[in-house]
Amino acid sequence: MVHLHFVRPCLLAWRSRQRRLLLLSLMLGALGCCNGRREHLRPRNDRRNIRPNIILVLTDDQDVELGSMDVMDKTRQIMEQGGTHFANAFVTTPMCCPSRSSILTGKYTHNHHVYTNNENCSSPFWQATHEPHTFGAYLSRSGYRTGYFGKYLNEYNGTYVPPGWLEWAGLVRNSRFYNYTISRNGIQEKHGFVYEKDYLTDLITNDSIRFFRKSKDEFPLRPVLMVLSHAAPHGPEDSAPQYADKFPNVSQHITPSYNFGPNYDKHWFVSHMQRMLPIHMEFTNILQRKRLQTLLSVDDSVEKVDDRKSFGHVCHMITKASSDRSSKEMLSLSSQQIFQMLQDTGELDNTYIIFTADHGYHVGQFGLVKGKSLPYEFDIRVPFYMRGPEIQPGTRVSQPVLNIDLAPTMLDIAGLKAPGDMDGKSVLKLVLPRRLNSRKQNHWRNSFLIERGKMFRLKQVGNKGLYTLIGKSDRMREVCERPEFQTACQQSKQKWQCVEDPDGRLRLQKCKPRSQSGVLRRVKNPALPTLPMPDDCICPSDPSDPPGGLSKTERRNQRKFLKIHLTQKYKPRFIGTRPIRSARRRPRRRRSRWVGGNWRLTKRHHTPTAWVHKARRRRPLPPASRSRKKYHREPSLKVTRRCSILSNSTIRCDGHLYSSIKAWKHHKSKIEDQIEDLQVKIKSLKEVKGHLKTKRPDKCDCIKSYSSKKRSLSRQKHKTVHPFKGQSRATVSPWLQQYRLEKRRKKVKKTLKKMKRGGDCKAPGITCFTHTNEHWQTPPFWTLGTFCACTSASNSTYWCVRTLNTTHNTLFCEFATSTIEYYDLDVDPYQLRNTASLLPTYLTDWYMTELQALRSCRGHKQCNPSGRPATTAEYPKSTGDELGSGWSKSR
């Protein structure tokens, strides 16, 4: 039975539309009678002088190489057949936050300084330096009504609205489909696990359409910019309930590089990964299925901005939904009207729609269960479609376009000139007929930079054009060769000096201040005023320590004396005496001693050592000490219950361990467990130590801390910066950890083997995850148990040159571990074999020169090295025999 309250809105809208059509026909008839001919009417408002609207649809972790676009038929029909398909679209950094920062600013990672998903991602530096200069801020200042809906940056905390966005509904933190928080214009709004009102993809679509309708109703002559940033197909891959049974036999992710290995010719992380186990392969199948299911909701969202769905079809859907309770609950009022958004407002022919993703993804490629951040095709290629005014439907562009081109393109659509510091270029010159000419297309870029991580210093190795990292010893030697470090603290304002350790290593040591005679003295700053002693810094007397007790030197001497002359175990008890000179002035005065919190009178003592000798005479000595024969005990360190280390560095264990294999195994496993427990405890202690360093209290607790506070103020007044560590001691170069990880290579291998046996899912310097049956909360579920897998490593920093034109299709990469990789994708499209060792020297030198220029480029004039025609002389290429023969041998 059809409910009237579902059909009534449809009937009312149909009657309103019929009235408008009747009025329109009457006006046409009147004009035809007056002019004797028919006139073509424009929409209700003259749109010729209004700047076009811009809608950017952005997905998260959507690939191209694994066939994710094959299931989005509606999007391809609307965007590809109705617009332009950019067949060679790439991202410059295949990670979420760096890539999204590049989309917003139009800059490479080395220019906006967002290197990872944590470092500088939505940090105060980003908010103050780059966030006011995004494309949203520029278009908002030019008169656009701007709105952002969905995921923003991974570390966005939701406490503020970024500048330039009039309507803001940003996702707090990383992608989720349920149980998330939305910052709606600065006010946090929590959502639960109810699909009808909490599913993120539908929420983004409905909010964006509501904003568009409201903008056109209240400000019909102002253009609109909207960003629909969907979480799909990012984890946790929760699909809509109506799509939970789709794609049961998915296989798009099984490419020639799927579970390909071993890969010893690649960089450190990939070369250490082994082939997947059967449980990993089954997980990749379910993961790919769930990823494609989440994209179906995005496919519906894109379709809802198209105007070709007839009004009668919408009414048919509403009538059908009224008879089905589950379908009726999944359709909101906004979703019912969303199909008519552009048609009712008459804005379809004046709107540019762009569809793309922040980066690609891999599922099982090279034995990696899942992840991103690698410089290979499956991670850097993204879908890129565009439709709008003057764009010819069904066209295809083969020139390489990047994510840094989005910001200049949107400024170009709005009629604004892109700032000079933007590294990208507008792609309108490739799609608009009035801008198309062979000269501009030949001057489009032929190569671009792919980067991950910070830059590091390089040094040349020989004359081959190869470069490697500068180690700490080399950098120390460079610092010590400076003129200011040639003398040992003899210059007037010298703060640091170079000293050499006994093992020959150089290090920097701070100079101690000296007087004119050369004697060390304590520096007193006359400009620093004398600070009064606050009341809260005076510590009360401790019942265990008498006021005016021994100094530190006296305590040390007393402890040393007792240790030498006493053989029994003792607990140092320090005597609270006056200074020696005070005792000499009043030798006959009775002394008192602080014992147990009370003062007790003692005999007269002129020096503290007198009491010590007397106490020693009263203490009974062991028999060995009474005789002249020295008492010796064989020193040994008892490490375990059955093993000890002797003084001659030999290890002696219980004899039963050497005779019983069962006891030997039991004791050995117990020692390994103890080592693991201690390692965990050491790690926890280091974390606590780091926490205490950051949470040091400013308020002093006693006179000693007050004096240290006074000294710290003096240091701040005359602060000296370590010349080797730079301006900030907290800044640690990432390659320093990379070298340490390289030294612990055997340890990593051992840990990975243990993880395969079911041990702890962790490894030093490697990002790993544990997948359990409870990870996915929506069907299809995972029921095969817990497993561990790794996704990336901290030393996977790289810089690559991707060259793509009519004659070249190559990838040249240099990793932080000094590994070089080269692939000719015309010969090896799946990048299975690294052929860098087969490159001629001149070709390696050319790629290294191009890479160095791109790594330091700033602005579109420097970062687009294709202002020159692509010729064979400019882009040298080895002959087919040189690489082809090597390829056949390597296979």
Side-chain angles (χ1 to χ4, degrees), residues 42-58 78-79 82-84 103-106 132-150 161-170 185 204-229 301-302 304-307 337-356 385-391 405-419 422 424 426-429 431-432 434-435:
R42 300 188 185 93
R44 56 182 177 179
N45 296 317
D46 191 350
R47 309 287 180 181
R48 290 178 302 178
N49 298 325
I50 299 178
R51 289 182 294 176
N53 308 301
I54 305 173
I55 298 177
L56 172 63
V57 182
L58 186 66
I78 295 170
M79 301 299 300
T84 297
I103 291 173
L104 291 168
T105 61
H133 304 289
T134 61
F135 67 83
Y138 287 120
L139 293 180
S140 178
R141 289 193 290 265
S142 68
Y144 270 77
R145 289 182 58 83
T146 57
Y148 195 102
F149 308 92
V161 177
W165 301 104
L166 179 64
E167 182 71 17
W168 179 259
N185 297 323
I204 292 171
T205 305
N206 296 337
D207 288 349
S208 60
I209 298 306
R210 190 180 299 111
F211 169 71
F212 193 92
R213 287 182 177 276
K214 182 179 178 181
S215 298
K216 290 304 176 182
D217 290 341
E218 297 179 359
F219 306 94
L221 300 181
R222 289 186 62 180
V224 176
L225 164 69
M226 290 198 313
V227 178
L228 283 70
S229 181
S301 174
V302 175
K304 290 174 182 178
V305 301
D306 185 28
D307 71 322
Q337 299 176 352
I338 201 169
F339 291 97
Q340 298 297 316
M341 181 194 68
L342 293 179
Q343 182 181 11
D344 290 350
T345 56
E347 297 289 339
L348 180 66
D349 295 335
N350 195 41
T351 302
Y352 283 92
I353 306 173
I354 303 174
F355 180 89
T356 187
Y385 300 93
M386 185 176 180
R387 65 168 293 170
E390 302 184 36
I391 295 180
D405 297 333
L406 284 172
T409 300
M410 284 185 270
L411 295 182
D412 192 8
I413 292 174
L416 303 177
K417 185 178 180 181
M422 283 190 177
S426 173
V427 301
L428 286 184
K429 63 177 66 176
V431 295
L432 295 185
R434 53 187 171 86
R435 297 191 182 186

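Keep in mind that the numbers below use all heavy atoms, side chains included, and drop hydrogens, waters and symmetry copies.
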| task | For side-chain contact (heavy atoms from CB on, under 4.5 Å), just list the numbers for Leu432 and Ile391, CA-CA rounded to whole Å, side-chain angles, deciding distance to a tenth of an Å, and then say yes or no. | result | CA-CA 6 Å; Leu432 295 185; Ile391 295 180; 4.1 Å; yes
| field | Test log, rule side-chain contact (heavy atoms from CB on, under 4.5 Å), inputs Val227 and Trp165 | value | CA-CA 10 Å; Val227 178; Trp165 301 104; 3.8 Å; yes
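For the atom pair CG of Leu416 and OG of Ser426, the computed distance is 11.5 Å after rounding to the nearest 0.5 Å. The CG atom of Leu221 lies 4.5 Å from the CD1 atom of Ile50; values are rounded to the nearest 0.5 Å. Atom-to-atom distance recorded for Met79:CE and Thr84:OG1 is 9.0 Å, nearest 0.5 angstrom. If you take OH on Tyr148 and CG on Leu225, they are separated by 10.5 Å, rounding to the nearest 0.5 Å. In this structure, CG in Leu56 is found 5.0 Å from CE in Met410, a value given to the nearest 0.5 Å. Distance check: Glu167 CD to Ser215 OG gives 8.0 Å after rounding to the nearest 0.5 Å.
Using a 4.5 Å cut-off on side-chain heavy atoms (C-beta onward), Thr351 and Ile54 make no contact. Inter-residue side-chain proximity for Leu428 and Met386 is flagged as met; some heavy-atom pair is nearer than 4.5 Å. Residues Val224 and Tyr144 are not in side-chain contact: their nearest non-hydrogen atoms beyond the backbone lie 4.5 Å or more apart. Residues Val57 and Ser301 fail the side-chain proximity criterion, which asks for heavy atoms closer than 4.5 Å.
Across all their heavy atoms, Leu139 and Ala414 have their closest contact at CD2-CB, 3.3 Å. In terms of heavy atoms, Ala418 sits closest to Pro408 at CB-CB, 4.1 Å. When all heavy atoms are compared, the tightest approach of Ala137 to Pro163 is CB-O, 4.0 Å. Closest approach of Tyr352 to Gly388, counting heavy atoms only: CD2-CA, 3.8 Å. Here the shortest heavy-atom pairing between Asn185 and Leu166 reads OD1-O, 3.9 Å.
For the pair Lys216 (side chain) and Arg222 (backbone), a donor-acceptor distance under 3.5 Å is present. Looking only at distances, no side-chain donor or acceptor of Ser140 sits under 3.5 Å from a matching main-chain atom of Thr146. Looking only at distances, no side-chain donor or acceptor of Asn53 sits under 3.5 Å from a matching main-chain atom of Pro223. The closest donor-acceptor contact from the side chain of Ser208 to the backbone of Ile204 lies under 3.5 Å.
Phe149 and Phe211 have tilted rings, their planes meeting at an angle from 30° to 60° on a 0 to 90° scale.
Scored by the ring-ring contact (aromatic ring centres under 6.0 Å, His included) test, Tyr385 finds His85 as partners (sequence neighbours excluded). For the side-chain contact (heavy atoms from CB on, under 4.5 Å) test, residues two or more places apart in sequence or in another chain that qualify with Pro419 are Tyr138, Leu411, Asp421, Met422. Not counting sequence neighbours, the partners of Asp207 by the salt bridge (charged side-chain N to carboxylate O under 4.0 Å, His left out) test are Arg184, Arg210.
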